[in-house]
Chemist: 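The following block contains the structure, expressed as structure tokens.
Residue numbers run from 1 in the order of the sequence given.
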Amino acid sequence: KPEFVELSAYAELTTVTLMSELSSPETVTECGFMYGLSEEEMKIVYSTLKQNVFTAVLTKLEYGTEYFFKAFVANGHNEIYSELSSVRTQDEPFLRISDAEKVLESTVDEFEISVDANVGYELVMPENTGGWLSYEHDGNIYKFTVAENVSPESRSCAVQFKSVVNKLD
């Protein structure tokens, strides 16, 4: 009789990968997972047993939502279910930049921009600054220094914070 050795779930954004490992898969003819927002209302997704492991990838789920799931195996006569478990999809990704425009409308030597994000991001500096714009950062605070800024029109460029997650660019 097969037993569930391992049952795991990994969530990335709104995709969840489910994995189950069996102790002895010899008599298994059907396997898969049941999942849903509650144990009472679950969908079935069938899988293929490879050696003693089977997986399923659930896509287009809701952000920040807990899903319940359990694995099952069958041999044509009996069905065996794992314990009920749960996984939470990631919260909706965001990347917010503080409003620095009011600071930049005047001649400044330094200005700060703060970043609030739950995803990875990178700062993309313009290539045409010739060294007159530099920055350093401490956590989510970016301090920019403007060299030789004589008037608001004398220097202009765009600083871009680009999300590592494509949806936020």
Chemist: Taking side-chain contact (heavy atoms from CB on, under 4.5 Å) as the test, write out the residues that go with R96, two or more places apart.
Modeler: F94, D116
Chemist: Can M34 be reached from V53 by stepping across I, L, V, M, F, W or Y side chains whose heavy atoms are under 4.5 Å apart?
Modeler: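 No, no single cluster joins them.
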Chemist: Any ring pair (Phe, Tyr, Trp, His ring centres under 6.0 Å) involving residues 65-92? Give me the pairs, sequence neighbours left out, ordered by first then second residue.
Modeler: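 Sorted pair list: Y46-F72.
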Chemist: Do I97 and V115 have side chains that approach each other closer than 4.5 Å (heavy atoms only, starting at C-beta)?
Modeler: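 With C-beta onward as the side chain, the pair touches.
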Chemist: Let me confirm one number: the CG-OG1 distance from D91 to T14, rounded to the nearest 0.5 Å.
Modeler: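 Going from the CG atom of D91 to the OG1 atom of T14 covers 12.0 Å.
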Chemist: Please give me the minimum heavy-atom distance between V16 and A11, naming the atom from each residue.
Modeler: CG2-CB, 4.0 Å
Chemist: Quick one: which of L49, N75, T27, N52 gives a side chain to side chain contact (heavy atoms under 4.5 Å, CB included) with P2?
Modeler: T27
Chemist: So which heavy atom on H137 is nearest to which on G139, and how close?
Modeler: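 For H137 and G139, the tightest heavy-atom pair comes out as ND1-O, 3.2 Å.
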Chemist: Is there any salt bridge (Lys or Arg N to Asp or Glu O under 4.0 Å) pair reaching into residues 49-66, and which pairs are they, with sequence neighbours excluded?
Modeler: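 Those involving residues 49-66 do not exist here.
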Chemist: Under the salt bridge (Lys or Arg N to Asp or Glu O under 4.0 Å) definition, can you give me all pairs with a residue in residues 131-145, not counting sequence neighbours?
Modeler: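 Every pair satisfying salt bridge (Lys or Arg N to Asp or Glu O under 4.0 Å) with a residue in residues 131-145: E112-K143.
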Chemist: Using every non-hydrogen atom in the two residues, find where K1 and S24 come nearest and quote the distance to one decimal.
Modeler: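 The answer is O-OG, 3.6 Å.
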Chemist: Please round to the nearest 0.5 Å and tell me the distance separating atom CG of N140 and atom OH of Y121.
Modeler: 6.0 Å
Chemist: For residues L37 and L18: do they belong to one hydrophobic cluster (side chain heavy atoms under 4.5 Å, members Ile, Leu, Val, Met, Phe, Trp, Tyr)?
Modeler: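 Yes; tracing contacts between hydrophobic side chains, which count when under 4.5 Å, links both residues.
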Chemist: Of the non-hydrogen atoms in N118 and E92, which two are nearest, and what is the gap between them?
Modeler: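 Of all heavy-atom pairs spanning N118 and E92, the closest is ND2-O, 3.1 Å.
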Chemist: Could you see if M42 belongs to whatever hydrophobic cluster contains I44? Use Ile, Leu, Val, Met, Phe, Trp, Tyr and a side-chain cutoff under 4.5 Å.
Modeler: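 Both belong to a single hydrophobic cluster.
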Chemist: Indicate the atoms forming the closest heavy-atom contact of A74 with E79, along with that distance.
Modeler: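 Looking at all heavy atoms of both residues, the shortest contact is CB-CG, 3.7 Å.
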Chemist: Show every salt bridge (Lys or Arg N to Asp or Glu O under 4.0 Å) that has at least one partner inside residues 20-40, sequence neighbours left out.
Modeler: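 As it turns out, the salt bridge (Lys or Arg N to Asp or Glu O under 4.0 Å) pairs with a partner in residues 20-40, which skip direct neighbours, are E39-K70.
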Chemist: State, yes or no, whether a side-chain contact exists between F4 and L22 at a heavy-atom distance under 4.5 Å.
Modeler: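 Of all side-chain heavy-atom pairs linking L22 with F4, at least one is under 4.5 Å.
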Chemist: Measuring only between side-chain heavy atoms, which start at C-beta, is F54 closer than 4.5 Å to V73?
Modeler: yes
Chemist: Rounded to the nearest 0.5 Å, how far does OG of S82 lie from CG of L7?
Modeler: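 One gets 4.5 Å once the value is rounded to the nearest 0.5 Å.
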Chemist: Is there a side-chain contact between C31 and S47 in this structure, where contact means two heavy atoms from C-beta onward sitting under 4.5 Å apart?
Modeler: yes
Chemist: Roughly how far, to the nearest 0.5 Å, is the CG atom of L13 from the CG atom of L61?
Modeler: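 L61 CG to L13 CG: 11.0 Å, rounded to 0.5 Å.
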Chemist: Run the side-chain contact (heavy atoms from CB on, under 4.5 Å) test against V45 and tell me which residues pass, sequence neighbours left out.
Modeler: F33, Y35, A56, L58
Chemist: Is the side chain of T89 donor-acceptor paired with the backbone N or O of G64 at a distance under 3.5 Å, no angle test?
Modeler: yes
